[in-house]
Trainee: 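Quick one: the structure is below, and I'll ask about it shortly.
Model, not experiment: these values are computed from the prediction.
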Amino acid sequence: MKNILLLSMSTLPNNLKINRYTHTCGETYIYGISQLEPITKFLLTAKNIELDRVVIMASADALKPHKDYQISACNFYLSRIFDYLLDSNKQKTEDELNEKNSKDFVNDAKQNLNILEKYKCHSNCENIKYRLGTIEFVIVPMKNEQISFFFNVIEQVQFNEGTRLYIDMQGGDRNAIVQMNAIVGLLEGKDVEIAGRYAIEFQDGKIENPIKEVSSAYKTYELISAMQAFKKYGRGQSLIDYFGKNNDKKIEDLLEAIKKASASIRLCDIDGFDKALCKIADLRPSFETNTAKTELDIVFKDIVDDYGEMLSNTKGGYLRKIEWCIKKGYIQQALTIVESKMPDYLYAKEVVQINMNEIRTINGIEEKISDWLNADEHKKKLQSVEHLAIENLFYNNYERDNDIEIINGCSNAQQLLNNYRSTYINWIKLRKPNYLKIKPTIKSGCIRYMLAFMKLHYYLKDQRNIVNHGSVEYERRSLSDLSRKLEIYVELGKKLIQE
């Protein structure tokens, strides 16, 4: 992996002076004039890190000469660091440095400008590059177009073999911290390890200013980013990465449940998703009884708020799950719930009631039902006879070409209901044996919604198969259109189930 230091250049102060800095890697002091010197020197000597590149984000003010010193902040920093790297001793005494004033510092730096030119690299881009030994220094000028600037910086810190990134949080203007956090956010998911963030704790009236590792102070940004990814997309990997390995069983159980929920919904494994929600629901008492709130308690509350009522009805509530999937953009998953779960759910809620004795009679010759469905053994195990019967009821009331045209033209539930005013429902017809008919009973108060719901159900099932099997493009509806049809489906479903 490559070791990279990222920093944001500060402008020069009007009064240059030497400062002394302490650290936790030994008893030696770090001395510096430029605000960005100490952490660079600290990493090179006290931490003994072999930096491969120093990436300097520089504003226009940091690139232009100071009005009194006639040298830019970037050149002053580079001259100081180059002088430091070329000095075999690496430690100049405080007495030597105290003998100089601002003009001496500037004159020394100006003399070193000739040395800088010696190490300057020719570049075809707007970045300014220098190389001293094995270390490359890259100045990236800031631009008004923030995105192109960010991606320029990212390009400089990324390597095929991976990057170990050290960040100097000390310099730059008032926007520097926001810019640093934005860059770290854009690096998420790439082969870049944030190895440390460093800053200086300046203390008024004190000679010594400690250099501190401040990563923990910025972890909150990572947590917020992870929570946003979960809330917006239902993805839990960032939360799992944030909390990492933990010996607390409660935390481990929650992270495992988040991982299972996230993986299951992305794989359209609705049963696995249900089980994960059950596990999260079971963990609620152990979190809600805590008096001292931790980061994980805050995260758990956010998870509970996001899953909402799905946690109180984890083995059902499929209309709520469809709504949740629409909100997250999981349209294929919502269509899977429509096809795989809603028939049984309607039966369990007694919206459609069937004479069980007749069903059992048919179930007695199971291979005949299998022939009728043209289904393999695996499909028979996944679907109950009740499920198959209700699917058949919906099929018998679906006139594909005509209904597709009508449903495509509807943008809300009322339009759909206006097109399907009939209360006549075709019976379930099983072709084997003997074209046996089963007459279902529709729950009281539901009949006026049932025909429109059945047709929309089969339309959505049809669309899922079209998407799954890569059918011709003209048959596929857009994501926005499918989202709207699913919203209408949920609206009608709530009227049927009276949720």
Side-chain angles (χ1 to χ4, degrees), residues 2-13 16-58 62 66 69 71-121 128-139 166-172 196 198-200 202 207-213:
K2 298 286 188 181
N3 292 317
I4 309 299
L5 169 61
L6 176 65
L7 59 88
S8 184
M9 184 57 60
S10 297
T11 56
L12 290 173
L16 295 175
K17 64 176 183 177
I18 194 71
N19 288 296
R20 188 167 74 182
Y21 304 91
T22 59
H23 52 84
T24 58
C25 297
E27 297 181 357
T28 58
Y29 293 117
I30 301 289
Y31 296 95
I33 302 167
S34 166
Q35 195 176 359
L36 279 302
E37 281 180 62
I39 291 172
T40 306
K41 293 178 177 179
F42 165 73
L43 292 174
L44 288 168
T45 53
K47 295 280 287 184
N48 292 315
I49 293 167
E50 296 181 0
L51 292 175
D52 296 286
R53 179 178 287 176
V54 177
V55 179
I56 304 164
M57 302 191 302
H66 186 279
Y69 307 136
I71 188 171
S72 70
C74 284
N75 281 344
F76 187 84
Y77 164 82
L78 287 171
S79 71
R80 293 283 303 166
I81 296 301
F82 275 39
D83 185 47
Y84 183 72
L85 290 170
L86 293 168
D87 176 20
S88 58
N89 185 29
K90 292 289 187 297
Q91 288 293 333
K92 294 186 177 180
T93 68
E94 187 176 2
D95 289 339
E96 283 181 307
L97 292 170
N98 279 343
E99 291 175 359
K100 297 185 177 183
N101 58 35
S102 294
K103 289 183 179 179
D104 293 325
F105 297 140
V106 172
N107 288 334
D108 288 347
K110 285 180 177 178
Q111 288 177 14
N112 288 334
L113 287 180
N114 293 328
I115 299 174
L116 285 181
E117 285 301 315
K118 178 181 174 182
Y119 296 103
K120 192 170 185 178
C121 305
I128 306 163
K129 297 185 178 181
Y130 297 86
R131 178 177 287 279
L132 179 57
T134 59
I135 307 177
E136 186 176 37
F137 294 81
V138 181
I139 300 173
Y166 299 87
I167 304 175
D168 184 339
M169 302 299 297
Q170 193 59 44
Y198 297 89
I200 299 163
F202 284 102
I207 297 174
E208 298 173 357
N209 303 290
I211 297 171
K212 293 197 169 183
E213 215 286 357

Trainee: Restricting to non-hydrogen atoms, name the atom on Tyr130 and the atom on Ile139 that form the minimum distance, rounded to 0.1 Å.
Mentor: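 Heavy-atom minimum between the residues: CE1-CD1, 4.3 Å.
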
Trainee: Walk me through whether Ile56 and Leu78 qualify under side chain to side chain contact (heavy atoms under 4.5 Å, CB included).
Mentor: CA-CA 10 Å; Ile56 304 164; Leu78 287 171; 4.1 Å; yes

Trainee: Is Lys41 reaching over with its side chain to a backbone N or O of Tyr31, donor-acceptor style, under 3.5 angstrom?
Mentor: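 Here the side-chain-to-backbone pair exists.
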
Trainee: Taking atom NZ of Lys47 as the centre, does the number of heavy atoms from other residues, nucleotides or ligands within less than 6.0 Å exceed 12?
Mentor: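 Not buried by this count: 12 neighbours or fewer within 6.0 Å.
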
Trainee: Do Ile135 and Ile81 make a side-chain contact, defined as non-hydrogen atoms from C-beta onward lying under 4.5 Å apart?
Mentor: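 Side chain of Ile135 against side chain of Ile81, heavy atoms only: no contact under 4.5 Å found.
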
Trainee: Are Phe82 and Phe137 close enough that their ring centers fall under 6.0 Å?
Mentor: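 Here the rings of Phe137 and Phe82 have centres that are less than 6.0 Å from each other.
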
Trainee: Just by modelled atom types, is the Ile4 backbone N or O under 3.5 Å from a matching donor or acceptor in the Asp52 side chain?
Mentor: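 A pair under 3.5 Å: no.
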
Trainee: Please report the closest heavy-atom contact between Ser72 and Asn75, naming both atoms and the distance.
Mentor: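 Answer, listing the atom of Ser72 first, then Asn75: OG-N, 3.1 Å.
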
Trainee: Thr40 and side chain to side chain donor-acceptor pair (under 3.5 Å): which single residue from Tyr198, Tyr77, Tyr84 fits?
Mentor: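 Of the listed residues Tyr198, Tyr77, Tyr84, the side chain to side chain donor-acceptor pair (under 3.5 Å) partner of Thr40 is Tyr77.
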
Trainee: Where do Met9 and Ala62 come nearest, in terms of heavy atoms and distance?
Mentor: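 Scanning both residues, the minimum pair turns out to be CG-CB, 3.8 Å.
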
Trainee: Does any part of the side chain of Thr11, heavy atoms only, come nearer than 4.5 Å to the side chain of His66, both counted from C-beta?
Mentor: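 When only atoms from C-beta onward are counted, Thr11 and His66 do not touch, as no gap falls below 4.5 Å.
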
Trainee: Donor-acceptor pair, Glu208 side chain versus Thr22 backbone, under 3.5 Å?
Mentor: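 Here the side-chain-to-backbone pair does not exist.
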
Trainee: Less than 4.5 Å apart, any side-chain heavy atom of Ile39 and any of Tyr166?
Mentor: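 Not in contact.
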
Trainee: Can you tell me if CD on Glu50 sees more than 12 non-hydrogen neighbours from other groups inside 6.0 Å?
Mentor: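 Not more than 12 within 6.0 Å, no.
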
Trainee: In Å, rounded to the nearest 0.5 Å, how long is the span from CD1 of Ile211 to CD1 of Ile200?
Mentor: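 Nearest 0.5 Å value for the CD1-CD1 distance: 5.5 Å.
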
Trainee: Is a side-chain N or O of Lys120 found less than 3.5 angstrom from the main chain of Ile128, in a donor-acceptor match?
Mentor: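 No: the side chain of Lys120 does not pair with the backbone of Ile128.
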
Trainee: Is the shortest heavy-atom distance from the side chain of Pro38 to the side chain of Asn19 under 4.5 Å?
Mentor: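 Counting from C-beta outward, Pro38 and Asn19 never come under 4.5 Å.
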
Trainee: Of all the heavy-atom pairs spanning Ile30 and His23, show the shortest one and how long it is.
Mentor: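 For Ile30 and His23, the tightest heavy-atom pair comes out as CG1-CD2, 3.7 Å.
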
Trainee: Can you tell me how far CD1 of Ile49 sits from CZ of Phe42, rounded to the nearest 0.5 angstrom?
Mentor: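 The CD1 atom of Ile49 is 7.5 Å from CZ of Phe42, to the nearest 0.5 Å.
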
Trainee: To the nearest 0.5 Å, tell me how far Glu213 CD sits from Met169 CE.
Mentor: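 Here the rounded value is 11.0 Å.
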
Trainee: Nearest 0.5 Å please: distance from the CG atom of Leu7 over to the CE atom of Met57.
Mentor: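 Answer rounded to 0.5 Å: 8.0 Å.
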
Trainee: Which heavy atom in Ala46 sits nearest to a heavy atom in Cys25, and how many Å separate them?
Mentor: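 Of all heavy-atom pairs spanning Ala46 and Cys25, the closest is O-CB, 3.7 Å.
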
Trainee: If every non-hydrogen atom of Gly32 is compared with every non-hydrogen atom of Glu37, which pair is closest and at what distance?
Mentor: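 Taking every non-hydrogen atom into account, CA-OE1, 3.5 Å.
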
Trainee: Is the shortest side-chain heavy-atom distance between Leu43 and Asp168 below 4.5 Å?
Mentor: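 With C-beta onward as the side chain, the pair stays apart.
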
